[in-house]
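Take a look at the structure below.
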Amino acid sequence: MLSYRHAFHAGNHADVLKHCALLGALERMARKETPFLYVDTHAGAGAYRLEEGYAAQNREWEGGAAALARAVVAPLPLALSRYLHAIDGFRRGEGRGDAYPGSPSLAMAALRPQDRAAFFELHGADFELLLTRYRDERRVRCARSNGFASLKALLPPPSRRALILMDPSYELGTDYDAVVAAVDEGLKRLANAVILVWYPLLARPEARALPDALAATAARRDRPWIDARLSVEPLVDGARGMSGSGVFIANPGYGLAEELAEALPVLAAAFGPKGDHILRRGGD
Ligand code: SAM
């Protein structure tokens, strides 16, 4: 049984990195008129309230979205101003200053009338919240099913353009192999699919091996990739907690690597004195 609830972590440093990268990828998809399919294999609840319930318990967002909003850098790198603008727009729409958009909400704000979305979520309570939010939205299909397994049937979409976010909780050890297999299958079915994978920086061997396994998969399929990592403290052998996180993107599109390269040092500095970052790329 799954016990992970994303509300505990909403708006933390990992969400900021992932959502900045996602917004950059969405913006690039919308540069062409042709419709695209957005797939969120691990969608969560869709939206969160930072001053209520789980999010208010550990207040992880204080070291993430709130820390970034306080960072005084002029001019802010584009990826960060785009992110802060999106958060602000979402809050105005919800009429609450503590609202925080999950990846489905960020995507829905970026989708055009011709685009479509599919959201998968296994947790019963989060699925209900997701479904309630998007029940009347004709561009979206929500399903309480395994996102990894469900992806296959959606690819390739008729327009042959897709952006896929894979954001597992890694609560199950099998998620590490499953995400690599899903990226491979995704690229096999649609070579130009933009696939964004979030992953935690943890001492466990499967986590350490994951970015290289993803890079090898993209390279085998002959696709360009980038791997952006942001740590808030050094990764120490034997440590149990997450020291930071990374985003791996296959087929990132023109300029996304440069955008993230500009944003990462600012994020690392905003998230504390031990913050660090790495950006790798290949296949282009
Ligand atoms: N993508 C969301 C965002 O950025 O707002 C956060 C998603 S959270 C990190 C991961 C979610 O995946 C959890 O809500 C969990 O219940 C769900 N989940 C875990 N395994 C899943 C699976 N195989 N298929 C679909 N959802 C899954």
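Side chains included, hydrogens not; waters and symmetry mates left out as well; all remaining heavy atoms used. When a ligand or atom number is given, it counts from 1 through the structure's own listing order. The structure presented is a predicted model; accordingly, all values stated were derived computationally and were not measured. Residue numbers count from 1 along this sequence.
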Around atom [atom1] of [X], are there more than 12 heavy atoms of other residues, nucleotides or ligands at under 6.0 Å?
{"X": "R240", "atom1": "CZ", "value": "no"}
{"X": "R160", "atom1": "CZ", "value": "no"}
{"X": "E33", "atom1": "CD", "value": "no"}

Next on the checklist: Between D126 and Y4, does the side chain to side chain donor-acceptor pair (under 3.5 Å) criterion hold? Intermediate values first, please.
Outcome noted: CA-CA 10 Å; D126 278 353; Y4 178 95; over 6 Å; no

Please say whether [X] places an N or O atom under 3.5 Å from an N or O atom belonging to ligand 1.
{"X": "S103", "value": "yes"}
{"X": "Y4", "value": "no"}
{"X": "H42", "value": "yes"}
{"X": "P104", "value": "no"}
{"X": "D167", "value": "yes"}

Against heavy atoms of [X], which atoms of ligand 1 measure under 4.0 Å?
{"X": "S145", "value": "24 (N), 25 (C)"}
{"X": "A43", "value": "1 (N), 2 (C)"}
{"X": "G102", "value": "5 (O)"}
{"X": "K18", "value": "3 (C), 4 (O)"}
{"X": "T41", "value": "24 (N), 25 (C), 26 (N)"}
{"X": "H19", "value": "3 (C), 4 (O), 5 (O)"}
{"X": "H123", "value": "16 (O)"}

Next on the checklist: Looking only at protein heavy atoms, which one is nearest to atom 26 (N) of ligand 1, and what is the separation?
Outcome noted: L122 N, 3.3 Å

Checklist entry - What is the nearest protein non-hydrogen atom to atom 24 (N) of ligand 1, stated with its residue, atom name and distance? => result G147 N, 2.9 Å

Checklist entry - Yes or no on ring pair (Phe, Tyr, Trp, His ring centres under 6.0 Å) for Y48 and H9, after CA distance, side-chain angles and deciding distance? => result CA-CA 10 Å; Y48 305 91; H9 312 291; over 10 Å; no

Item to check | Pairwise side-chain contact, D227 with L279, heavy-atom cut-off 4.5 Å (strictly under) | outcome: no

Next on the checklist: With heavy-atom distances below 4.5 Å as the criterion, would you say the side chains of V194 and I249 are in contact?
Outcome noted: yes

Next on the checklist: Heavy atoms only: which of E121, H6, M166 lies closest to atom 11 (C) of ligand 1?
Outcome noted: E121

Item to check | Option nearest atom 23 (N) of ligand 1 (shortest heavy-atom distance, choices L22, N146, T174, L151) | outcome: N146

Checklist entry - Should the ring pair Y170 and W198 be called parallel, tilted or perpendicular, given that the plane angle runs from 0 to 90° and is split at 30 and 60? => result tilted

Next on the checklist: Which label fits F248 and W225: parallel for a plane angle under 30°, tilted from 30 to 60°, or perpendicular past 60°?
Outcome noted: parallel

Checklist entry - Should E171 be listed as contacting ligand 1, given a heavy-atom distance under 4.0 Å as the test? => result no

Checklist entry - What's the verdict on ring pair (Phe, Tyr, Trp, His ring centres under 6.0 Å) for F8 and Y54, showing C-alpha distance, side-chain angles and the deciding distance? => result CA-CA 5 Å; F8 279 108; Y54 296 146; 4.4 Å; yes

